[in-house]
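Note that the structure is a prediction, hence the values are computed from the model and not measured.
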Amino acid sequence: MAGLNDSVAVLKGVGTKRQVALNKLGINTINDLLTYFPRRYDDLSIKDPSSAVDGQKVTVKGLVIAPPMLTYFGRKRSRLVFRLRINDQIYTVSFFNQPWLKREIQPNSELIVFGTYNRARNQIQGMKILNAQTSNAFDSIYPANKEVKQATIKSLVKLAYETYHDQIVDIIPASLRAKYRLESFSDTIRNIHFPESPKAAQRAFRTAKFMEFFLFAMKVQILKAAHRKQDPQAEINYQESVVTKFQENLPFKLTAAQQKVIQEILADLSRPIQMNRLLQGDVGSGKTVVAATAILATISANKQAAIMAPTEILAEQHANNFAKMFAGLPVNIALLTGDTSAAARKAMLPSIQTGEVDLVVGTHALFQADVQYADLGLAVIDEQHRFGVNQRQALRQKGTSTNMLAMTATPIPRTLAITMYGDMDVSVINQLPSGRKPIKTTWITASKTNAAVRFVKKQLDSGNQVYVVTPLIEESEAVDMKNAVAIFERFKAIFEPQYQVGLLHGQMSNQEKDATMLQFKNNQFQVLVATTVIEVGVDVANANTMLIFDADHFGLAQLHQLRGRVGRGATQAYCILIADPTNEIGKERMKAVASSTNGFFLSQKDLELRGQGDITGQKQSGMPDFKVADPVGDLNILTVANQEAQRITAEKHWKTKPENVQLAKYLQFSQTINYD
């Protein structure tokens, strides 16, 4: 492994400047360079253009029949034109902005040109001139930048392969390679970079995808096993009678899905193994009461619990909800956020450290260095996709053997759950509480906005409140605010003074956001114009209508999250999407969200139509970075790789089996497994 992990700086031609440029492309080691795969191939085998399809890229060989003509227009723009005779047909060839090629084009000489064929004009728009040695191959095209050109990457990959190919060892066990007809790692590298045919490249990519998924799945299984180690301190000997009485006294009946999930969590807590469970539940499915049951069970065993939320306002809502749920029970709750005053914080910290506080509700403040717990038995993470892996781990490490329950209302398809949360057990609440009316959703175009405004007026006249949502365009808070303010002014002009209009956007301070949200909750505003800051927010039972402008700027899962802000009360809820999508995919997405209130269906649809980034957020901390494998498009390979990783790690001494030695070495080298 050490050889392939040599720095790229060892290669001839890589000085300090080039090394920095390569590092920007993610190429730090020889292994990075060898696995820096082409994004496509150009077929350089010579063809007769008469048999080519219009617009096809072709490589042609012909005789230059006249001197080339070079024309300049503008300061740096030029066009080079010459004629080429191929099989008694004359073709015009043009090159733009490559004037230096003129000296390579000599009348009565043979030339090989690669370019795009235009059938109507009998013309080839040239891309490059080739020499005879390179014309019968497939040319690898790599992602490059201004500092590192294609030719440089190609020559460095070639040099690295020639120098290090005998050090490329097989990490995938031989039995798996035979079972799934996979190539050796060395052949895979060679056939991806220097393929003799498209089929050779295809076979090599198939192996590369399996390898990426398999190594990731192995890491996940090892992490899972680490969490599953016997740990008597993780065991929560809760009082069953306390939990039963709590459930009996609830003002509503738990759904069958809630009861099933609670049993899964309580079974985890009672084991001498740290719980590491993800609770997925659609908006309004009742995750809070499930978390409350787990928290109470932990407290009944004389241990502490903490719940971390992404915003101050949501943390405050949780503190209020738990205070109501645990009314009459000996549960001492503390709220600790960035907004907590220095005096209140100073008074609170000793109570948390001594164990006088049973439940700490808060934000990132929960895992700061000076916050010490007496015995943290359970850490609950709300809207867990808002927190990075390190933040979740930091909270967990506040206890010696803390059980972890992560919750998300973002419905993630099973496809992505396997890759993102493979080291966690997953519980799903797939049922809404009875009496919950589905939110009626309509998609209209911007030309019908006035009709939507009339509908809003009707709802306000009936005593209801309304959200009006505008998108955050790109990552510019300035644009976000300007957009929201424009709509805010428009709605003020329409509805005031009869109804009050509030404004909530990303540039407001946390105190301003909280104050505005509280005013809306208290019906001081009847209309709230907001950006996506309300996506994870406070429950306003009286708000029954949501109007979403430019709805096609949002992911389907996000639209579903936003829509979940209404319909919290007994009144029928409505969501109106205003959008003018510019393509068929956009139209299909709007139809999907208008026709379904099932978050899991919508997130799967978003995945199919737009790709994984729109569901998880491109910078999702937990999402693995695959170079060639695609968890959506290559689901079959992912599933098989996952099964094989589970099978191998289920064997007690898998690391010492001869065929697994290189695999274990690789995983140890990449700091996935530790040997005592």
Side-chain angles (χ1 to χ4, degrees), residues 234-309 314-315 317-335 357-361 375-384 402-409 425-437 539 541 564 567-570:
E235 192 175 338
I236 307 285
N237 294 307
Y238 67 91
Q239 295 177 41
E240 211 168 314
S241 57
V242 172
V243 174
T244 306
K245 193 177 177 186
F246 169 70
Q247 290 180 335
E248 285 171 354
N249 290 339
L250 287 169
F252 49 83
K253 195 174 182 298
L254 292 171
T255 63
Q258 283 173 316
Q259 288 171 338
K260 177 178 174 285
V261 163
I262 286 169
Q263 287 314 308
E264 288 171 352
I265 292 166
L266 293 177
D268 275 2
L269 291 177
S270 60
R271 292 190 190 107
I273 294 166
Q274 281 185 42
M275 174 170 77
N276 194 35
R277 189 169 282 277
L278 174 71
L279 173 59
Q280 277 188 278
D282 218 334
V283 176
S285 61
K287 293 183 297 300
T288 307
V289 72
V290 172
T293 309
I295 287 165
L296 188 61
T298 304
I299 293 168
S300 76
N302 296 316
K303 286 179 180 276
Q304 288 169 301
I307 178 162
M308 183 164 71
L314 195 54
Q317 178 174 288
H318 278 318
N320 293 334
N321 284 345
F322 288 127
K324 284 176 197 164
M325 282 187 196
F326 297 145
L329 292 168
V331 176
N332 190 3
I333 303 172
L335 175 66
V357 169
D358 304 299
L359 169 62
V360 193
V361 183
D375 187 1
L376 185 60
L378 174 69
V380 181
I381 312 283
D382 190 25
E383 288 306 327
Q384 78 89 40
T402 309
N403 292 284
M404 173 75 79
L405 177 65
M407 304 196 296
T408 180
D425 296 304
V426 181
S427 291
V428 180
I429 306 178
N430 54 4
Q431 182 182 10
L432 288 179
S434 59
R436 258 312 210 18
K437 294 175 183 171
D539 295 343
R568 299 273 164 162

_Step-by-step side chain to side chain contact (heavy atoms under 4.5 Å, CB included) determination, Phe326 to Leu359_ = CA-CA 11 Å; Phe326 297 145; Leu359 169 62; 4.1 Å; yes
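- Side-chain atoms of Asp358 and Gln304, non-hydrogen and from C-beta on, never get closer than 4.5 Å to each other.
- Side-chain atoms of Thr408 and Gln280 include no donor-acceptor pair closer than 3.5 Å.
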_Candidate pair Phe322 and Ile307, rule side chain to side chain contact (heavy atoms under 4.5 Å, CB included), full reasoning_ = CA-CA 11 Å; Phe322 288 127; Ile307 178 162; 3.9 Å; yes
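- Distance CG/Leu279 to NZ/Lys287: 7.0 Å, rounded to 0.5 Å.
- Minimum interatomic distance between Ala297 and Leu266 (heavy atoms only, all atoms of both residues): CB-CD2, 3.7 Å.
- For the pair Arg277 and Val426, the minimum side-chain heavy-atom distance is 4.5 Å or more.
- The distance from atom CD of Gln247 to atom CD1 of Ile262, rounded to the nearest 0.5 Å, is 5.0 Å.
- For the pair Ile333 and Ala319, the tightest heavy-atom approach, listed with the atom from each and the gap, is CD1-O, 4.4 Å.
- Minimum interatomic distance between Glu235 and Pro272 (heavy atoms only, all atoms of both residues): OE1-CB, 3.7 Å.
- To the nearest 0.5 Å, atoms CD (Gln239) and CZ (Phe246) are separated by 15.0 Å.
- Atom-to-atom distance recorded for Asp425:CG and Ile265:CD1 is 11.0 Å, nearest 0.5 angstrom.
- Nearest heavy atom pair, residue Ile381 against residue Met404, reads CG1-SD, 3.6 Å.
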*asked:* Applying side chain to side chain contact (heavy atoms under 4.5 Å, CB included) to Val290 and Thr288, what does each step give before you reach the verdict?
replied: CA-CA 5 Å; Val290 172; Thr288 307; over 6 Å; no
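- When the options Asn249, Val243, Val242 are evaluated for a side-chain contact (heavy atoms from CB on, under 4.5 Å) with Lys245, the one that passes is Asn249.
- In this structure, CD in Gln274 is found 6.5 Å from OG1 in Thr402, a value given to the nearest 0.5 Å.
- In this structure, Ile236 CD1 and Thr298 OG1 are separated by 4.5 Å, a value rounded to the nearest 0.5 Å.
- Shown here for Ala305 and Ile295, the closest heavy-atom pair between the two residues is CB-CG2, 3.9 Å.
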_Residues Leu376, Lys303; criterion side chain to side chain contact (heavy atoms under 4.5 Å, CB included); working and verdict_ = CA-CA 6 Å; Leu376 185 60; Lys303 286 179 180 276; over 6 Å; no
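- For Glu240, the CD atom counts as loosely surrounded, since its 6.0 Å shell holds 12 or fewer non-hydrogen atoms of other residues, nucleotides or ligands.
- Side-chain atoms of Asn403 come within 3.5 Å of backbone atoms of Gly377 as a donor-acceptor pair (strictly under, hydrogens ignored).
- Taking all atoms of both residues into account, the shortest heavy-atom contact from Ala291 to Val380 is CB-CG1, 4.4 Å.
- When Glu264, Gln263, Gln259 are each tested for a side-chain contact (heavy atoms from CB on, under 4.5 Å) with Val261, only one passes: Glu264.
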